[in-house]
Amino acid sequence: MPSLYIDGTWTSGSGDPAEVINPFDASVIETVEQAGPDDVERAVAAARTAFDDGPWPRTPAAERADLLRRVADLLVRDKEDIARTETLDTGKTLVESRIDVDDVTAVFRYYADLAAHDAGRLVDTGKPSVVSRVVHEPVGVCALITPWNYPLLQLSWKVAPALAAGNTVVIKPSEVTPLTSVMLVRLLEEAGAPPGVVNILLGDGRSVGAPLTEHPGVDMVSFTGGLATGQAIMRAAAGTVKRVAVELGGKNPNIVFADTDFETVVDNALTAVFLHAGQVCSAGARLIVEDSLHDDLVAEIGRRAERIRLGNGLDEATESGPLVSAAHRAKIEDYVASAQAEGARLVAGGRRPEEPDLQKGFFYRPTVFADCRRDMRVVREETFGPILTVERFTTEEEAIALGNDTDYGLSGAVWTNDSGRAERVARALRHGTVWINDFGPYVPGAEWGGFKRSGNGRELGPTGLAEYQEHKHIWHNTEPAPARWFTSGGAR
Ligand code: NAD
């Protein structure tokens, strides 16, 4: 089946086909066609024409919202099928994939509602003869480039607001996990997106992603992925002064004070870091613990980490799946070796699993390191895998300083029963999302994004719609008259 969608037609790509691999057992799920340079040109041209001459940007917002609602209904209809495919492609458990599809559905509904009521605003100029208003217009052709850890979810955070605002899009999913993005485009087609409004190109970053970021026909790039790629994209986009929104990595502190309920914090600290085998941008990979609780907490977390059941994401008994690829596992093994070389104390994991049925897949045991210092590579860099590092603190100021001692600034958490302290720490942390006595939840109505090198711009919430809009000021003087600024020529 053709896997590229350009100008309202499913089409074959002129690039080399690629095998999509199931990380559970390294089997081939499907072979997909990929785009070549001519496909990139065709997709951008289609999106350009649909934007410049097509009906979509001029369609009333309420009708655009109707399309998003139809997509949400179709997602409900196909939930099980999509969730299964996401699990095959990423290795995450089916429970997680189902939650992802529910969240994606909620995002489409949220932006449908928001777009329908987004009428711009009037500005009071103090002059009765002037109408000053700010209108919201789409940016244009948007390239949406997404990662492999939450393929469908990350795409929804971009495509729903981009379409709600009246843009046209060229989607470039990760070459590692393209399958559910193709499914979503099929639903957009079924929901009635006009030709050229939604296009999808499969292929890798070098041959498809990079040309989109340099292309003069593209007005905006919205990217979620790694820091180095984000930096390359910002450089590439400079030539044409594109709007760029980048959601990058994180090294997220999970700060625990000793007055917290022990079982609650053990349980949540494990979920914070080991969900989806740690391949989560907001993973709580840096546990920062008050001295008096430290030893007991480390021991119990280590004991429980050793018991996490690895397996096939499709098996309901599985608690955590594999890493996404052999290359990614090799990266994790390198981080483990560096942590040991730098003096961290291995408390759990640090090895591949022994079970015979897990040998073909890209599995790695949940790993816990104690006695970590902030200058260690494993503490400073995003490992994006099942590695928890533990540091300790004595005072609140120390906890805050440790939590902020990172180049990243995506998310963090503080656990304490003292609400005054919770608020102080939450306000002091330089991260885009801070949870108090929780870790991980988000809602479509609240902004998501990074401080510092975790990115710029915001997804979700009203700001997530504004990312895809130009805010144009229209000044209407209803009683034009000479200004009489330059009078030396003599007024007539
Ligand atoms: P990646 O940067 O390797 O790839 C992301 C996407 O960019 C892929 O589609 C890839 O093909 C494309 N790409 C690669 N090189 C490119 C180039 N030169 N020009 C244009 N496109 C290019 O990231 P990944 O490994 O797929 O994803 C993991 C990263 O994503 C982690 O760092 C993680 O923290 C981050 N992430 C961030 C968030 C967030 O909300 N901030 C969410 C999910 C993932």
Side-chain angles (χ1 to χ4, degrees), residues 15 18 23 34-35 40 89-90 92 100 103 107 143-158 170-178 181 200-215 218 220-239 242 244-252 275-285 323-325 327-329 331-332 335 381-385 406-412 431-433 440 442 446-461 464 467:
Q34 300 197 116
V40 175
D89 210 354
T90 62
K92 68 173 72 175
D100 285 0
D103 287 355
V107 165
L144 312 180
I145 302 178
T146 50
W148 49 256
N149 62 333
Y150 285 88
L152 192 65
L153 187 80
Q154 296 300 336
L155 177 56
S156 75
W157 291 11
K158 300 180 190 307
V170 179
I171 297 165
K172 209 301 279 174
S174 168
E175 61 277 26
V176 184
T177 56
S181 300
I200 184 166
L201 299 173
L202 306 195
D204 64 22
R206 189 179 44 78
S207 49
V208 182
L212 286 172
T213 62
E214 290 160 6
H215 204 294
V218 173
M220 172 175 178
V221 179
S222 175
F223 168 77
T224 301
L227 173 60
T229 315
Q231 289 167 325
I233 286 176
M234 291 178 87
R235 281 192 291 270
K242 288 184 198 344
V244 181
V246 292
E247 295 287 343
L248 309 176
K251 192 73 196 183
N252 313 292
L275 191 82
H276 192 16
Q279 302 166 116
V280 180
C281 53
S282 54
L323 294 168
V324 78
S325 66
H328 190 50
R329 181 171 60 183
K331 206 177 121 194
I332 298 309
Y335 275 115
E381 296 180 14
E382 180 190 51
T383 69
F384 217 54
T406 164
D407 290 336
Y408 290 108
L410 189 60
S411 68
H431 294 266
T433 296
Y442 74 95
E447 277 74 3
W448 176 268
F451 286 26
K452 303 196 278 183
R453 290 186 205 170
S454 287
N456 60 39
R458 287 292 179 271
E459 299 199 292
L460 302 179
E467 292 272 292

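Just so you know, ligand 1 is whichever comes first in the structure, and atom 1 is the first atom listed for that ligand. Index from 1, following the sequence. Predicted model only: the values in this text are computed from it and were never measured.
Just one of L144, L202, L155, L152 meets the side chain to side chain contact (heavy atoms under 4.5 Å, CB included) condition when paired with P173; it is L202.
Put simply, the side chain of K242 gets close to the backbone of V218: a donor and an acceptor are under 3.5 Å apart. Checked by atom type and distance alone, the side chain of H328 never pairs as donor or acceptor with a backbone atom of G385 at under 3.5 Å. A donor-acceptor pair is defined here as one N or O able to donate and one able to accept, closer than 3.5 Å; no such pair exists between the side chain of E459 and the backbone of G464. Listed for the D204 side chain is no donor-acceptor partner under 3.5 Å among the backbone atoms of E175. In this structure a side-chain-to-backbone donor-acceptor pair under 3.5 Å is missing from S454 to L248. Panel note: side chain K92, backbone N149; a donor-acceptor pair is recorded below 3.5 Å.
The closest side-chain heavy-atom distance from I145 to T213 is below 4.5 Å. The shortest side-chain heavy-atom distance between D89 and P178 falls under the 4.5 Å cut-off. A 4.5 Å side-chain heavy-atom check between V40 and V208 finds at least one atom pair inside the cut-off. Between T229 and F223 there is a side-chain heavy-atom pair separated by less than 4.5 Å.
Which parts of ligand 1 touch K172 is read off a 4.0 Å heavy-atom cut-off, strictly below it: atoms 8 (C), 9 (O), 10 (C), 11 (O). Close contacts of ligand 1 with I233, meaning ligand atoms under 4.0 Å from a residue heavy atom, involve 19 (N), 20 (C), 21 (N). Ligand-side atoms of ligand 1 in range of L410: 41 (N), range being under 4.0 angstrom from any heavy atom. Near A210, meaning under 4.0 Å from one of its heavy atoms, ligand 1 places the atoms 19 (N), 20 (C). The contact set between ligand 1 and E247, taken as ligand atoms under 4.0 Å from a residue heavy atom, comprises 37 (C), 39 (C), 40 (O), 41 (N). Per-residue contacts place G249 under 4.0 angstrom from the following atoms of ligand 1 (heavy atoms of the residue considered): 32 (O), 34 (O).
Contacts of P173 with ligand 1, taken as heavy-atom pairs under 4.0 Å, involve the backbone alone. When non-hydrogen atoms are compared, ligand 1 lies under 4.0 Å from neither the backbone nor the side chain of E459. For N149, every heavy-atom contact with ligand 1 shorter than 4.0 Å involves the side chain, none the backbone. Only backbone heavy atoms of T146 (N, CA, C or O) come within less than 4.0 Å of ligand 1; its side chain stays farther off. Contact annotation: for Y150 versus ligand 1, there are no heavy atoms closer than 4.0 Å. With a 4.0 Å heavy-atom cut-off, ligand 1 is reached by no atom of R206. Only the side chain of Q154 comes within contact range of ligand 1, with a heavy atom under 4.0 Å; no backbone atom does.
In terms of protein heavy atoms, atom 21 (N) of ligand 1 is closest to G209 CA, 3.6 Å. In terms of protein heavy-atom proximity, atom 16 (C) of ligand 1 is nearest to T229 CG2, 3.3 Å. Among all protein heavy atoms, the one lying closest to atom 5 (C) of ligand 1 is F223 CE1, 3.6 Å. Summary of contacts: the protein heavy atom closest to atom 23 (O) of ligand 1 is G226 N, 3.3 Å. In this structure, the protein non-hydrogen atom closest to atom 41 (N) of ligand 1 is L248 O, 2.7 Å. Nearest to atom 24 (P) of ligand 1 among the protein's heavy atoms is W148 NE1, 3.4 Å. Among all non-hydrogen protein atoms, the one lying nearest atom 40 (O) of ligand 1 is W448 NE1, 3.0 Å. Nearest protein neighbour of atom 12 (C) of ligand 1, counting heavy atoms only, is I145 CG2, 3.7 Å.
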Practice task
Apply side-chain contact (heavy atoms from CB on, under 4.5 Å) to the pair L201 and V170, showing each step before the final yes or no.
Solution key: CA-CA 7 Å; L201 299 173; V170 179; 3.7 Å; yes
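At least one heavy atom of S174 sits less than 4.0 Å from an atom of ligand 1.
For the residues G225, P147, G203, the heavy atom positioned nearest atom 29 (C) of ligand 1 is part of G225.
Below 3.5 Å of separation, one finds no N or O of T224 facing any N or O of ligand 1. Inclusion of T213 in the set of residues having an N or O under 3.5 Å from an N or O of ligand 1 is not warranted.
A salt bridge does not link E467 to R458: none of the charged side-chain nitrogens sits closer than 4.0 Å to a carboxylate oxygen.
If you check the side chains of T406 and K251, you find no donor sitting under 3.5 Å from an acceptor.
A pairwise comparison of heavy atoms in H431 and G412 identifies CB-N, 4.2 Å as the closest pair.
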